[in-house]
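First the proteins, then the strands, lettered A, B, ... as listed; each starts at 1. Note that the structure is a prediction, hence the values are computed from the model and not measured.
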Protein chains: 2
Amino acid sequence: MYRIGELAKACHINNDTLRFYEKNGLLCPSSRTESGYRLYTEGDREILQFILRAKDVGFTLAEIKELLSIEINKADKACADVKILVDIKLNAVEKKLAELSRFHTSLKRLSDACCGSSISAEHCTILEALESDTDDVRHERHHKQGGK
Amino acid sequence: MYRIGELAKACHINNDTLRFYEKNGLLCPSSRTESGYRLYTEGDREILQFILRAKDVGFTLAEIKELLSIEINKADKACADVKILVDIKLNAVEKKLAELSRFHTSLKRLSDACCGSSISAEHCTILEALESDTDDVRHERHHKQGGK
DNA sequence: ATAAACCTTGGAGGTAGGTCACAGGTCAAG
DNA sequence: CTTGACCTGTGACCTACCTCCAAGGTTTAT
Ligand SMILES: [Zn+2]
Ligand SMILES: [Zn+2]
Ligand SMILES: [Zn+2]
Ligand SMILES: [Zn+2]
């Protein structure tokens with residue numbers, strides 16, 4: 001049996017994080033001492049590690065909650081139920097990746113165009129690009145307007 | 001001169017967003033009517049578009065505030081001042097991109113390994129991977145531990 | 001004249017995932 | 001018996017960016 005501080009230390013997280021997970025229904029300690037201290041079992045620790053691993057592949061806590069509810073009664077669930085969650089996430093990650101790549105492309109272009117010297121910024125190409133709407137700043141303008 | 005609703009509509013944003021930008025020192029209307037209505041000039045509109053373009057390449061409002069303070073007195077600033085902001089952002093974007101790619105790799109591996117059928121999830125490779133700490137879930141474990 | 005559409009302020013709420021502070025209770029060691 | 005480490009609950013705060021509400025004042029159109 002772990003007390004909160006022990007489990008937290010063992011898993012390199014904060015005591016408050018464990019309380020937070022409990023408040024949000026992700027991990028409740030199996031029991032309490034008479035004086036109210038939380039007591040976590042080995043099983044609890046395994047659940048926590050499940051949570052931490054899921055976080056590590058990018059799932060949000062809300063998504064992890066869904067995963068846990070499947071994990072807890074696997075027998076009544078199908079492989080497809082699990083895979084759907086992963087694929088939805090995969091899709092979301094791909095979308096974010098695309099947006100970030102767009103940012104990256106734009107920023108790189110801005111950076112490369114600027115001389116970066118100690119000369120006055122009055123003719124800085126970066127500022128100019130942000131002042132006037134040119135393709136140098138945003139290639140996606142028309143896509144975004146049309147897509148909305 | 002634009003009233004708040006006119007400017008908002010012209011730039012496809014919410015009136016409240018304009019008030020929010022004002023409250024946060026990003027864009028203050030040049031004047032007000034006797035009754036207190038905000039009045040924006042063409043110049044104000046250009047600043048707003050600067051803000052929206054900067055947002056579009058990924059800058060946060062705090063970063064945009066810095067960019068604006070340079071833009072407003074360009075003459076006293078150097079190209080390097082601008083480029084530094086862009087390069088810091090570029091770096092941050094690259095880091096996020098790397099994290100997301102890591103998520104993507106892990107999720108893809110999980111998805112590919114799961115049969116996705118309607119058979120019981122008891123043998124699901126995704127759940128198994130999340131239950132026990134294997135390289136199938138996280139390649140980066142050692143990097144992360146060492147790097148902290 | 002009056003209703004619709006617009007504007008004002010202030011403040012709350014919401015997402016995501018915690019972190020921190022406070023005031024006090026519990027427990028082991030010396 | 002006292003110190004210090006640990007625990008409890010509640011609730012505020014943080015980043016980031018708005019969005020919405022209430023209660024009321026102003027313009028504009030009919
Ligand atoms: Zn230059
Ligand atoms: Zn420059
Ligand atoms: Zn399967
Ligand atoms: Zn499966």
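At whole-Å resolution of the value, CG in B:Leu39 and P in D:dT27 are 11 Å apart. For B:Tyr2 and C:dC7, the OH to C1' distance is 19 Å, given to the nearest whole Å. Distance CZ (B:Phe20) to P (C:dG10): 16 Å, rounded to an integer number of Å. When the P atom of D:dG9 is taken as reference, atom CG of A:Leu18 falls 13 Å away, rounded to whole Å. C:dT19 atom P lies 12 Å from atom CZ of A:Arg19, rounded to whole Å. The distance from atom CD of B:Glu63 to atom P of D:dA16 is 8 Å, rounded to the nearest whole Å. B:Ile4 has its CD1 atom 12 Å from the C1' atom of C:dT9, to the nearest Å. The distance between atom CZ of B:Arg32 and atom C1' of D:dG25, rounded to the nearest whole Å, is 14 Å.
Judged by distance alone, the side chains of A:Ser69 and A:Glu66 never bring a donor and an acceptor atom under 3.5 Å apart. A:Tyr40 and A:Glu6 share no donor-acceptor pair across their side chains, judged by distance under 3.5 Å alone.
Along DNA chain D, the nucleotide nearest B:Lys55 and the nucleotide nearest B:Ser35 are compared for position; the residue whose nucleotide lies closer to the 5' end is B:Lys55. Residue order along DNA chain C, read from the 5' end via each residue's closest nucleotide, puts A:Asn14 first among A:Asn14 and A:Glu34.
Comparing D:dC20, D:dT8, C:dT19 by their closest approach to the side chain of A:Asp16 singles out C:dT19. Residue B:Arg3 places its side chain closer to D:dT27 than to any other of C:dT8, D:dT27, D:dT19. Which of D:dC17, C:dG18, D:dG9 sits closest to the side chain of B:Leu61 comes down to D:dC17.
Put simply, the side chain of A:Tyr37 and the base of C:dG25 share a donor and an acceptor less than 3.5 Å apart.
Across all strands shown, A:Asn24 has no heavy atoms under 4.0 Å from either base or sugar-phosphate atoms. Backbone-only contact: B:Asn15 has heavy atoms under 4.0 Å from sugar-phosphate atoms and none from a base. Across all strands, A:Lys23 comes closer than 4.0 Å to no nucleic acid atom at all (heavy-atom distances).
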Margin query: Determine whether A:Arg109 and A:Asp112 satisfy the following criterion, salt bridge (Lys or Arg N to Asp or Glu O under 4.0 Å), listing intermediate values before the conclusion.
Written below: CA-CA 5 Å; A:Arg109 187 159 26 212; A:Asp112 287 349; over 6 Å; no

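The pair A:Lys108-B:Glu94 fails the salt-bridge criterion, with no side-chain N (NZ, NE, NH1 or NH2) lying under 4.0 Å from an Asp/Glu carboxylate O. Look at B:Glu22 and B:Arg38 and you find a salt bridge, because one of the NZ, NE, NH1 or NH2 atoms lies within 4.0 Å of a carboxylate O, short of that distance.
The phosphate of D:dC17 has neither OP1 nor OP2 within less than 4.0 Å of any side-chain N or O from B:Thr17. Taking 4.0 angstrom as the limit, A:Tyr21 places a side-chain polar atom (N or O) nearer than this to OP1 or OP2 of C:dG18. Look at A:Lys65 and you won't find any side-chain N or O under 4.0 angstrom from OP1 or OP2 of C:dA16.
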